[in-house]
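For reference, the structure is listed below as structure tokens.
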2 protein chains.
Amino acid sequence: MQFSKSTGNALHALIHLAHSDRGQHVGIKELSSSLGVSDSYLSKIMSKLRQDGIVRASTGASGGYELARPADRISFLDVIQVIEGRQQLYECLNANAHHHPLAEAAEWSEEEESGHPESKDCLVKKVMNGAELQMQSYLRAHTIQWVLDHASPGSIRGGNGE
Amino acid sequence: MQFSKSTGNALHALIHLAHSDRGQHVGIKELSSSLGVSDSYLSKIMSKLRQDGIVRASTGASGGYELARPADRISFLDVIQVIEGRQQLYECLNANAHHHPLAEAAEWSEEEESGHPESKDCLVKKVMNGAELQMQSYLRAHTIQWVLDHASPGSIRGGNGE
DNA sequence: CCTTTATGGATGTATAATGTCCATAATAAA
DNA sequence: TTTATTATGGACATTATACATCCATAAAGG
């Protein structure tokens, strides 16, 4: 289980955009050469980010990409969910058909009396989902802007750094 | 990014063992039919768990598997690391060769003055690792015994439930 | 000895991730 | 309006990984 390389490249591309963000557009060639990947490959990633409203794209000369909203409103979780998909980290195996009875969650258990739909989930899934939520809350709290704020001062300058 | 089905099956198999755990051995056939998977497939999983000291195995008639230690000392994290491997959720892409300078962590930053080796990691990796640690601490705190303790009372009985 | 059981190698298949190429559309600049 | 520039999306090829099975072997109990 690992994050895909595409997710890493998406994050680095967004950091690049956030750095250049003066309402300017950055072309795929600048982005891809900066990351050391092919432009045909990176353009797939950027296209996903655009479909999800993370970036805007414009065609034509002096076109390219820009962030669709401020960098402090683009979280790591946003980016990961676009690239990796929104499926949960763990899904029950056989529609509960073959779980050991001990793994079945008690439907009356304390936290679940409010009638949440996950009451029927097996306890394995309950733990896995809890773990995922822990991770997601951390990823939601860290934004592209966070990276800029914590970058080494030597790296902060007007032009692009390559 | 998802946990493999093997991880889910490993967890369910261990829950089954924990339930039957009176120093008894449970054969691969009972386990695999309980989970609804083939025994040849599940035996690979059990073999990994044995190599990592999660379960013990014995051959011969009336042989089979048993937990190698109490269920409250087998965490979800233990099992996941055996089946999924111990690689980190995120690895830097190109040995730092192509990161945007802004993504480089400041080596002198506050939390890192103590000289931790991760000082050189890029900030993307730092966030991803932080997220992973959040998830791991949750998974470390939840054990096979936790599942038994939270199971519906109707499921708790002497024999196997299938 | 013979049955039962786990083990590990070899192998096959399915699915997903990675990466490239090309035709097309849209736009700004000349 | 033409032309150069740029993003887009389909099709495709290439791995890598997960999933799954079969079989020969070894170990232990009856």
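In what follows, chains carry the letters A, B, and so on, assigned in the order in which the sequence lines appear, proteins first and then strands, with residues in each chain numbered from 1. All values reported here derive from a predicted model rather than from experimental measurement.
- Residue Ser4(A) places at least one side-chain N or O under 4.0 Å from the OP1 or OP2 atom of dT18(C).
- Side-chain proximity of Ser47(B) to the nucleotides dT7(C), dA7(D), dA20(D) is greatest for dT7(C).
- Rounded to whole Å, the distance from CG on Asp39(A) to C1' on dC21(C) is 11 Å.
- For the side chain to side chain donor-acceptor pair (under 3.5 Å) test, residues two or more places apart in sequence or in another chain that qualify with Gln88(A) are Lys125(A).
- Of the residues near DNA chain C, Phe3(A) and Ser62(A), the one whose nearest nucleotide (by heavy atom distance) lies more toward the 5' end is Phe3(A).
- Computed from coordinates, the Gln2(B) CD to dT15(C) C1' distance equals 12 Å when rounded to whole Å.
- In this structure Ser137(B) satisfies the side chain to side chain donor-acceptor pair (under 3.5 Å) test with no other residue, sequence neighbours excluded.
- The side chain of Tyr65(A) contributes an N or O atom lying less than 4.0 Å from OP1 or OP2 of dT8(D).
- Residues satisfying the side chain to side chain donor-acceptor pair (under 3.5 Å) criterion with Asp149(B), sequence neighbours excluded, are Gln145(B).
- Checking the phosphate oxygens (OP1, OP2) of dT20(C), a side-chain nitrogen or oxygen of Ser38(A) falls inside 4.0 Å.
- If you take CG of Leu17(A) and P of dA7(D), they are 11 Å apart, rounded to a whole angstrom.
- Among the heavy atoms of the strands lying under 4.0 Å from Gln51(B) are primed sugar atoms or P, OP1, OP2 only; no base atom is included.
- Distance, Lys5(A) NZ to dA17(C) C1': 9 Å, rounded to whole Å.
- Under the ring pair (Phe, Tyr, Trp, His ring centres under 6.0 Å) criterion, His142(B) pairs with Tyr138(B), Trp146(B), not counting sequence neighbours.
- Considering all non-hydrogen atoms of both residues, Gln24(B) and Ser20(B) come closest at CB-O, 4.0 Å.
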Nucleotides 22-26 of chain D: which of its N/O atoms have a protein N/O under 3.5 Å away?
none

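- Distance, His25(B) NE2 to dT7(C) P: 12 Å, rounded to whole Å.
- Using a distance-only test at 3.5 Å, with no hydrogens or angles considered, no donor-acceptor pair links the side chain of Gln2(A) to the main chain of Tyr90(B).
- Checked against dC19(D), dT8(D), dG29(D), the side chain of Ala61(B) finds its nearest nucleotide in dG29(D).
- Whole-Å rounding puts the Tyr41(B) OH to dA14(C) P distance at 16 Å.
- For Arg50(B) and dG8(C), the shortest distance from a side-chain N or O to OP1 or OP2 is below 4.0 Å.
- Distance NZ (Lys29(B)) to P (dT5(C)): 6 Å, rounded to an integer number of Å.
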Side-chain donor-acceptor pairs of residues 44-63 of chain B under 3.5 Å, sequence neighbours excluded:
from	atom 1	to	atom 2	distance (Å)
Asp52(B)	OD2	Arg86(B)	NH2	2.8
Arg56(B)	NE	Glu66(B)	OE2	3.3
Ser58(B)	OG	His25(B)	ND1	2.9

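- Remark: C1' of dT20(C) and CD1 of Ile45(A) are 14 Å apart, rounded to the nearest angstrom.
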